[in-house]
Protein chains: 2
Amino acid sequence: MDHERIAVLAHEKFPDRAKTALGVLRYGDQEVCAVLDRDSAGDRVADHVADVSDAPIVSSFAEAHDAAEGDLDALYIGIAPIGGGFDESWRADVEAAVEGGCDVVSGLHYFLNEDEDLAALAAEHGVDLIDVRRPDDDLSVATGASGDVDADVVLTVGTDCSVGKMTASLEIVAAARERGIDAAFVPTGQTGIMIAGWGNPIDRVVSDFTAGAVEEMLVAVGDDHDLLVVEGQGSIVHPAYSAVTCGILHGSMADGLVLCHAAGREVVHGYESFDLPPLADYVDLYEDLAAPVRETAVVAGALNTKDVSDDAAAAEAVTEFGDAVGVPAADPVRDGAERIVDGIVDAGVGGR
Amino acid sequence: MDHERIAVLAHEKFPDRAKTALGVLRYGDQEVCAVLDRDSAGDRVADHVADVSDAPIVSSFAEAHDAAEGDLDALYIGIAPIGGGFDESWRADVEAAVEGGCDVVSGLHYFLNEDEDLAALAAEHGVDLIDVRRPDDDLSVATGASGDVDADVVLTVGTDCSVGKMTASLEIVAAARERGIDAAFVPTGQTGIMIAGWGNPIDRVVSDFTAGAVEEMLVAVGDDHDLLVVEGQGSIVHPAYSAVTCGILHGSMADGLVLCHAAGREVVHGYESFDLPPLADYVDLYEDLAAPVRETAVVAGALNTKDVSDDAAAAEAVTEFGDAVGVPAADPVRDGAERIVDGIVDAGVGGR
């Protein structure tokens, strides 16, 4: 999956409910030439989001093609309705993209390749429908080979879902590269995979292969880099998703962990009858659970302060968080990830 | 899945390499009318295995049909080659069973329903091919509803794979019923499902649905019994399978845990470079990891002493194990599960 110039579909949801579109804009190597959102067509990305490359917002793929002033390689589906279904109001744009010679990349539960009409159209036009949420058929159980990769491995682990593990991972990679470390991002979820252009959707693999699907990625890229930053998922005490978290923890055999948390979060997101345990308990749980497979430690912390209104209060929250966990901490979006990389490097797991 | 009179296919592997056949013989409610093993045809089950109902061993389904002296309901595939493939030398027997009006039940990775010839033959004869390892399509994420079931829930947890969690679970149910407790077995693996006639194969579900697939079972039967004994899988520190274990731990929201271990086991089965941690560490890990979702405790222990030669040494091993874990313990096969049920009842999680 190697697309240079893309359009991103985000109808009626850009930017606040278009997590994938935002992720690709912020972190993808692809040039986003246009965003499709019929509700805000005529605006520009910069009218809504700071700190990302600007692009026009248009109402259809045809307009995106015109705005792009040059060929597009792909259309990315940048939104996901609850349930992960395909919204029929997108079909005309997807068909136009295929007819225009573009691949279509989707992280939906609904697989484009299983849509007979779209599959036939793609075959006719010689383009690929890429369902990033469909796992490879050749995944299998872990063998313990992650322990043998040359690179140092750092894993982001969370106190909950939706605390910013993907963002923290990407910011850590960026800050490490600034420092001259050959770092790479190892994606485990659909947005991360669309940003990185490769990866296994760990939450969709057969549960027996959870750790193995992580190992497969680390073995594939471990010799090419000095530091691998694995995108974590969920939380080890999540009522529904802890299996995924546990498989990534043991499958990655991480040398260091970065604990990610959202300021003010006290109960499990979407499962509000479950309280989050104290931060220090998470440190013990992750370290003690990892140890029989790989001795490791929480070496830094990432605090998501997007719901904290001003910078001073956010800085205070970060200080409190770092003190509670006992490691260097930062909000990787507000502050950058330099202090987090300090923690990683000081712990001797920074790739050299 | 409700079969009264069955034949079990175990060609060339009965009894020592026919774990599923043995499980069904030992614990299934079905009457096993014949075992198919062309290598020991002419013998009887009792020549090889004590303490189970006797049956003739025959070389083909036709002979099984004759030996059964009455209609058979189903043929169960009682063996699994490495990799879970279908051995073509079984096809004639499977076809004969279908032609004779029998369902065929299989726990293979190879799905009989995807074999076009067998699927067509089954349709023609109006029988079902039942692939117990194929998860239901309607499974989803956990909601936390396991915490609301009326029954007490006990989960067997292990120090490793292949330590006897299924056997311990079944023996606990049997011993609890002896005591007048309305107990039921909740299967999570293919052999358990073939024995019980229902259940979700947790190691084959989408990793995001691991806990949800357990919850779905507990909600389905929770009002019908006073004590549910959930079959655990793997171990929480297994390099490959811990995701499955963690999902079952949180998905079951168990009121009590029974720690299962194999006497003499010091390294992970099949992953010998990984040492097992001390027994007390397992107790802390399982309890601490469960607590944020459901406060629970290890209330009893099950030690598999099949590799211990004499009864005195086995008894000593059980005593040592119980002392190390700090709970009542027994080898449920050698001793019966009465002491384990004592631990469950004394902890107040015995269903009344």
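Throughout, protein chains are lettered first and strands after them, A, B, ... in sequence-line order, and every chain is numbered starting at 1.
Across all non-hydrogen atoms, the minimal contact from A:Ser207 to B:Ile202 is OG-O, 2.7 Å. Across B:Asp203 and A:Val206, no two heavy atoms sit closer than the pair O-CG1, 3.1 Å.
Contacts between B:Pro277 and chain A at a heavy-atom distance below 4.5 Å involve the side chain alone, from C-beta outward.
Pairs of residues two or more places apart, or lying in two chains, that qualify as salt bridge (Lys or Arg N to Asp or Glu O under 4.0 Å) and include a residue from residues 246-270 of chain A are A:Asp160-A:Arg265, A:Asp255-A:Arg294.
Here the CG atom belonging to B:Leu289 is positioned 11.5 Å from the CG atom belonging to A:Asp281, to the nearest 0.5 angstrom.
Proximity to chain A among residues 231-242 of chain B is limited to B:Ile236, B:Val237, B:His238, B:Pro239, B:Ala240, B:Tyr241, B:Ser242, judged by heavy-atom separations below 4.5 angstrom. Against chain B, the residues from residues 130-144 of chain A that qualify, each with a non-hydrogen atom under 4.5 angstrom away, are A:Val141, A:Ala142, A:Thr143, A:Gly144 in number order.
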Q | Evaluation steps, side chain to side chain contact (heavy atoms under 4.5 Å, CB included), between A:Arg204 and B:Phe209 | A | CA-CA 9 Å; A:Arg204 308 309 300 170; B:Phe209 303 161; 3.9 Å; yes
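Surrounding CD of B:Glu116 are at most 12 heavy atoms belonging to other residues, nucleotides or ligands under 6.0 Å away. Within 6.0 Å of atom NE2 in A:His269, 12 or fewer heavy atoms from other residues, nucleotides or ligands are found, so the atom counts as exposed in its surroundings.
For A:Asp288, there are no salt bridge (charged side-chain N to carboxylate O under 4.0 Å, His left out) partners at least two apart in sequence or on another chain.
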